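I have placed the structure first, in the form of C-alpha cells, so that the comments after it can refer back to it.
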Amino acid sequence: MFETLSKAPQDKIFALMAEIAADNRPGKIDLGIGVYKDDDGNTPIMTAVKKAEERIVSTGKTKTYIGVAGNKGFANAMVKLSLGDSVAADRVRAAQAPGGTGALWVLLTLLKRANPDATVWISDPSWPNHKPMAIAAGFKVAEYPYFDPTTRGVRFDDLLRTLDGLGKNDIVLLHGCCHNPTGANLTHEQWDQVVASLKRTGAFPLVDMAYQGFGDGLEEDAYGLRAIAREIEEFVCATSCSKNFGLYRERVGCAMLIGKNATEADTANSQMLNVIRGAYSQPPDHGAEIVRMILEDDALRQEWMDELEAMRKRMVHNRTALSEAIRKRSNSTDFDFVADHRGMFSLLGLDEATVDHLKAENAVYMLDDSRVNIAGLADERIERLADAIVSATR
Ligand code: LMR
C-alpha cells in the first residue's frame with residue numbers, strides 16, 4: 001500500500017525547530033517557532049496556569065467523557081473574551097477544539113459543507129499552514145495583497161481593491177491581530193473599511209485569532225473581530241490559548257460560529273458537532289479546564305492578565321531595543337519598522353542568502369522568509385543580533 005505514496009513536504013517551522021535543537025553552538029539565537037521565551041530562554045508555565053492546574057489535580061473527581069463540544073464553561077468564557085458584547089449571544093455557538101489549528105480545521109470543514117465551491121482568500125504572505133489547511137479541506141485558494149516589502153507596512157489600497165472585487169462565494173481568512181508572519185497590522189480605521197467592504201460584497205469572514213493580548217492589549221486586539229461581529233450577519237472565528245495562556249502543548253482552542261439568527265446558528269452548530277464527532281469525537285479537557293478556571297475566577301484572571309501584559313510589554317521592549325541597536329550600528333532607519341510592528345513576529349525583509357549566512361556564521365535562526373520571533377529574544381542577545389544583522393546586510 002505505502003509504495004503508492006511520495007514524501008509529503010516537511011512543515012518548515014517544525015523542521016527549523018529540530019535543526020535548532022541539533023545545533024550545539026553556545027549562544028545560538030532561536031527566532032524560529034512562535035513561542036514566548038524569558039531572558040533565560042525558557043518558556044515558563046504562567047503562575048495562574050500552575051495554580052489552576054494544582055486546583056484541578058487536587059479537586060478533580062472524574063475523567064469521564066465531557067461531550068462532543070468539549071468544556072462548555074471554557075467555550076462561553078472564550079466567546080466573552082474575544083467577542084465581548086459585540087454580538088447577541090443567541091447567534092453564537094462555540095466548541096472547544098484541539099488548539100487554534102484544530103479550531104481552524106473544524107471551521108474549514110464546516111464551511112466546505114456549507115459552500116463546497118467557495119474560494120478561500122489568504123493574505124500574501126500568511127502563516128505557512130493556512131494554505132495547506134484550506135487546500136486539504138478541499139477549497140480553491142487565492143491570495144489577497146497584504147505586505148509591502150518596501151514600507152514593511154500593509155498594502156492597504158491593494159488589499160481593499162481585492163476585497164471589493166469578492167462576492168458570496170469567497171471566504172476571507174483574516175488575522176484577528178498580530179499578523180503572522182509580517183507583524184504589520186491593520187489600524188482601527190482600516191478594519192472599519194475592511195468590514196464595510198465585506199458587508200457590501202457578502203464575502204464571508206473567517207478570523208484566525210491566535211494572539212489576543214500579544215499586540216496592543218486584550219481589548220485592543222479584539223477590535224477587528226468585534227467590528228466584524230457588529231456589522232456582519234454571519235462569520236466564523238478560531239481562537240487559540242497556545243500563546244496568551246502559554247498552553248502550547250495542551251492544545252487549547254475554540255471554534256466559534258455566528259449565524260444570522262438562532263435557528264441558522266443551531267443548524268450550523270449541529271454540523272460543526274457532526275464534524276467533530278466524526279474526526280476525534282471530542283477534545284481533551286485538561287487545558288480547557290485550566291483556562292475556564294482562570295477566566296471564571298477573579299483573582300486568577302487578574303494574575304493571568306498581569307502576566308500576559310508583562311509578556312506583551314517585554315515584546316514591545318524587544319522591538320524598540322532591537323531597532324535602536326541596529327540604528328546605532330548602521331546609522332540608518334532601515335529597521336525602525338520593527339518597533340512599529342506588533343505581536344510575536346516581524347518579517348525583516350532579508351533574502352534567503354542572508355538568512356543562510358546568519359545561520360551559518362552567527363547561529364542566528366529565523367524562517368527562510370526572514371520572519372523573526374521577537375518574543376524569543378533575551379535582552380543580552382539583542383546587541384549580538386544587531387551586530388550580526390548589520391554586518392550581514394552591509
Ligand atoms: C508559529 O507560527 O510559529 C506558531 O504559530 C507555531 C505553529 O504552529 O506554526
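We count ligands from 1, going down the list as the structure has it; atoms in each ligand are counted the same way. Treat the numbers as computed from the prediction; the structure is a model and nothing was measured.
Note on Arg312 versus Glu309: salt bridge recorded, some NZ/NE/NH1/NH2 to OD/OE distance being below 4.0 Å. With respect to the salt-bridge test (charged N to carboxylate O, under 4.0 angstrom), the residues Asp117 and Lys140 do not qualify.
Protein residues lining ligand 1, listed by chain and number: Ile13, Phe14, Ile33, Gly34, Trp127, Asn180, Tyr211, Lys243, Phe345, Arg371 [non-hydrogen atoms, distance under 4.0 Å].
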Show which side-chain atoms of residues 222-232 pair as donor or acceptor with protein atoms under 3.5 Å away, not counting sequence neighbours.
| from | atom 1 | to | atom 2 | distance (Å) |
| --- | --- | --- | --- | --- |
| Tyr223 | OH | Asp192 | OD1 | 2.8 |
| Tyr223 | OH | Asp192 | OD2 | 3.1 |
| Arg226 | NE | Ser82 | O | 2.9 |
| Arg226 | NH1 | Glu219 | OE1 | 2.7 |
| Arg226 | NH2 | Leu81 | O | 3.0 |
| Glu231 | OE1 | Lys199 | NZ | 2.6 |

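Aromatic rings of His130 and Trp127 (six-membered ring for Trp) have centroids within the 6.0 Å cut-off, being under it.
Remark: the backbone N or O of Gly213 is paired with a side-chain donor or acceptor of Asp221 at under 3.5 angstrom.
By the 4.5 Å heavy-atom criterion applied to side chains, Asn76 and Arg292 are not counted as neighbours.
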